[in-house]
Protein chains: 2
Amino acid sequence: MPTPRRITLKDLARELGVSTATVSNAFNRPDQLSPALRERILGEAKRLGYRGPDAKARSLRTGRSRIIAVILAESLTYSLNDAVASELLSGVAEVLDAQGHTLLLLSARQMQSELPGAASMADGYIVYGLMPSETLLESLPPQAPLVAVDFDVTGRPSLHVDDEPACHLIARHALASRPRRPGIINLRLTAEPCNGPIVPGQRLLGAEQTITRSRLLGFHRALDEAGHDPAVVPMWNIEENTFEVSAPVIEAILDLPDTERPDLLLCMSDRIALTALTLAEERGLRVPEDLRLTGFDGIAEGQYRAPRLTTVRQDSVEKGRQAARMILGLEAPRSRTLATELWLGDSCP
Amino acid sequence: MPTPRRITLKDLARELGVSTATVSNAFNRPDQLSPALRERILGEAKRLGYRGPDAKARSLRTGRSRIIAVILAESLTYSLNDAVASELLSGVAEVLDAQGHTLLLLSARQMQSELPGAASMADGYIVYGLMPSETLLESLPPQAPLVAVDFDVTGRPSLHVDDEPACHLIARHALASRPRRPGIINLRLTAEPCNGPIVPGQRLLGAEQTITRSRLLGFHRALDEAGHDPAVVPMWNIEENTFEVSAPVIEAILDLPDTERPDLLLCMSDRIALTALTLAEERGLRVPEDLRLTGFDGIAEGQYRAPRLTTVRQDSVEKGRQAARMILGLEAPRSRTLATELWLGDSCP
DNA sequence: CGAGCTAACTGAATCGATCCAGATGGCGAA
DNA sequence: TTCGCCATCTGGATCGATTCAGTTAGCTCG
């Protein structure tokens with residue numbers, strides 16, 4: 001009893017009495033054969049249950065897999081719950097999809113500087129928010145196209161928003177209200193973990209060239225211009241952009257005595273700002289009267305509640321689209337900086 | 001000038017004066033050759049810049065790609081922002097990763113019942129929350145393993161939680177406080193879009209066998225037992241489990257005159273319940289005094305605010321892990337129902 | 001009529017591995 | 001010494017397509 005082997009293009013060709021090349025063309029280049037024959041081939045294929053050319057064989061022969069890998073810095077659990085990463089991914093997926101490509105999802109966290117099996121067959125890599133020192137980058141096939149998003153890889157195109165100017169702008173706006181005690185809540189600045197208040201002086205020590213560093217520089221510039229010494233403005237670090245991780249740090253800030261509690265918090269993400277907003281309200285603090293808050297990102301959640309969040313809006317979906325277009329070669333692969341928009345809400349009018 | 005062709009396993013073998021089989025074994029079956037030779041091969045590989053066996057060729061030859069596809073019902077934009085889907089994905093990713101597999105992400109929304117190119121080379125499919133009638137299911141390779149999550153595919157293993165009993169339980173708990181006007185907020189029940197109030201009588205019409213239907217049946221059973229006629233209990237549909245889509249519907253409910261506004265809302269998801277909570281507070285309604293709320297899922301966000309949400313906690317990460325284990329053959333592929341837990345918060349004590 | 005052209009189709013090499021079925025050699029046991 | 005056995009290594013068929021360099025037939029045109 002012969003095993004009912006999967007039917008191949010060759011079987012189909014033999015069955016029809018045509019060459020394999022012709023069958024291949026029937027599927028891939030309709031203009032290379034007469035419509036009648038093509039019709040006959042497709043009909044026979046359906047009859048025999050042939051599901052079209054095998055993707056594995058095709059990818060070996062053509063050298064292309066029609067797979068684009070997206071490598072995220074953090075764990076998937078984290079990234080998937082982050083509105084910004086999610087938006088980026090959906091922008092990527094939108095373009096890939098329209099071009100018949102698919103998305104392979106990888107997290108730098110869980111791979112030990114070695115690409116897992118199939119990842120190396122991707123046609124291109126979109127790498128998001130890694131620390132530039134990440135060794136993983138070296139294990140990627142050097143000839144494959146790569147786009148870095150929200151960080152830089154030497155010799156490769158990268159996609160950014162204008163973090164420094166945007167943060168300068170929103171901080172300047174916030175400082176125009178002449179707060180007495182401004183404070184800053186950072187996202188992770190370095191590869192090393194750090195959650196909580198930062199000792200003045202150590203603050204930029206070892207900070208790699210990341211978006212958080214740019215944002216911080218923007219804040220500092222505005223503080224400086226407003227007559228505050230950036231070196232003594234209190235600053236806290238949040239290791240992971242989640243409610244769970246940021247809540248304890250923020251609670252500690254809000255529970256400071258009235259004379260020490262900041263009356264303005266410049267936050268590096270909307271997630272953090274919204275957490276602060278919720279926790280402040282729980283404590284009976286009025287926003288913006290007792291506490292002014294600014295965010296960064298412009299996620300939807302911040303605009304659907306009262307008070308609406310004052311923030312810098314960036315279009316992460318578009319960032320994802322651009323990254324995908326560059327990887328697919330639909331757009332010249334060169335580094336770009338996308339514009340942002342100051343978004344005046346009620347949390348810091 | 002010859003193009004610097006990529007170095008292959010065969011080149012490496014020639015260079016070393018050994019057979020290709022031996023080089024292959026050096027990478028895949030260390031026990032099949034002497035440690036000394038293996039060392040020599042790996043050393044030479046590194047020296048020549050050989051990055052290990054080509055994934056495309058390997059997958060053709062072995063028939064396995066080490067890729068598992070996850071197919072989500074909704075668009076990626078939606079799914080990635082949904083805490084439950086995200087948890088599922090991270091459970092899947094956790095197991096895949098430990099086994100050297102990678103995750104291909106697909107959305108049923110954007111593929112027109114045709115698998116995009118590379119998707120057909122996946123070694124298995126985890127399909128999440130589709131409508132059972134989805135034609136897409138037929139385009140999947142029939143011999144590949146498949147696990148359905150939160151819905152059923154005939155002849156295939158599926159993963160569920162005990163939706164009906166869980167909803168019966170939480171509804172019974174909520175009804176014990178003898179609310180005058182209970183109401184229900186559904187997630188999408190049918191393939192057809194519907195957002196807003198549902199005409200009594202039409203409610204289950206055409207509802208496919210999905211988890212939302214099971215949940216609704218659980219609510220109805222409890223209502224019936226508590227002396228409420230399920231047929232006249234008001235019910236609203238939410239098409240998409242997001243703040244943006246649910247907010248208008250919920251606002252309409254909350255803005256009903258006092259004599260009509262429900263004093264208990266049984267919600268099919270925490271996302272909806274939390275939206276209702278936020279909007280209720282904005283209107284000065286006290287929870288639970290003026291309005292009791294129950295959710296479903298047990299997402300973290302519901303437990304980090306006051307009042308904490310009363311809900312049914314399900315372990316979506318574990319659901320993802322199980323699905324992945326079944327797909328990889330680490331666990332026998334049979335349908336399972338996972339347990340849930342009634343979680344008493346303050347929104348309906 | 002025959003040269004030239006085009007549309008339609010063919011044969012076979014090729015992509016880069018994996019993995020049988022065997023070859024080889026060294027060693028211990030009878 | 002001879003046999004068998006084990007560890008180690010080899011040759012070559014194979015996976016299922018794509019693609020290049022033709023061949024064939026039919027048609028046009030001077």
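Residue numbering restarts at 1 for every chain, and letters A, B, ... go by the order of the sequence lines.
By the 4.5 Å heavy-atom criterion applied to side chains, B:Leu105 and B:Leu80 are counted as neighbours. B:Leu42 has its side chain within reach of B:Phe27: a pair of non-hydrogen atoms, C-beta onward, lies under 4.5 Å apart. Side-chain contact between A:Val84 and A:Gln314 is present, with heavy atoms from C-beta onward closer than 4.5 Å. The shortest distance between side-chain heavy atoms of A:Leu72 and A:Leu89 falls below 4.5 Å. Between B:Ile68 and B:Asp123, the closest side-chain pair of non-hydrogen atoms falls below 4.5 Å. Counting heavy atoms from C-beta outward, A:Ile126 and A:Val149 have side chains that approach closer than 4.5 Å. A heavy-atom distance below 4.5 Å is not found between the side chains of B:Leu60 and A:Arg61. Within the 4.5 Å cutoff, no side-chain heavy atoms of A:Glu134 are placed close to those of A:Val127.
Atom CZ in A:Arg51 sits roughly 15 Å away from atom P in D:dG16 (whole-Å rounding). Taking atom CG of residue B:Asp31 and atom P of nucleotide D:dT8, one finds them 9 Å apart after rounding to whole Å. We find that CG of A:Leu60 is positioned 10 Å from C1' of D:dT18, with the value rounded to whole Å. One can place CG of A:Leu12 at 13 Å from C1' of D:dA17, the figure rounded to the nearest angstrom. Rounded to an integer number of Å, the gap from A:Arg6 CZ to D:dA17 P is 6 Å. Straight-line distance from the CG atom of B:Asp54 to the P atom of C:dT14: 18 Å, rounded to whole Å. Taking atom CZ on B:Arg66 and atom P on C:dA17, their separation rounds to 16 Å, with Å as the unit. A:Lys10 has its NZ atom 16 Å from the P atom of C:dT14, to the nearest Å.
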So if I define the base as every atom that isn't primed, P, OP1 or OP2, how would nucleotides 19-24 of chain C read as a B/S/- string at a heavy-atom cutoff under 4.0 Å?
B-----

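Looking at the side chain of B:Ser19, the nearest of the listed nucleotides C:dC9, D:dG11, C:dG16 is D:dG11. In the set C:dA17, D:dC9, C:dA8, D:dC9 carries the atom at the smallest distance from any side-chain atom of B:Leu37.
Heavy atoms of A:Tyr50 sit under 4.0 angstrom from primed sugar atoms or phosphate atoms, though from no base atom. Within 4.0 Å of B:Leu33, counting heavy atoms only, lie sugar-phosphate atoms of the nucleic acid but no base atom.
When the options A:Arg40, A:Arg47, A:Lys46 are evaluated for a salt bridge (Lys or Arg N to Asp or Glu O under 4.0 Å) with A:Glu44, the one that passes is A:Arg47.
Residue B:Ser34 places at least one side-chain N or O under 4.0 Å from the OP1 or OP2 atom of D:dC9.
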Check the interface with nucleotides 24-26 of chain D: list each N/O to N/O pair with the protein under 3.5 Å, or write none.
none

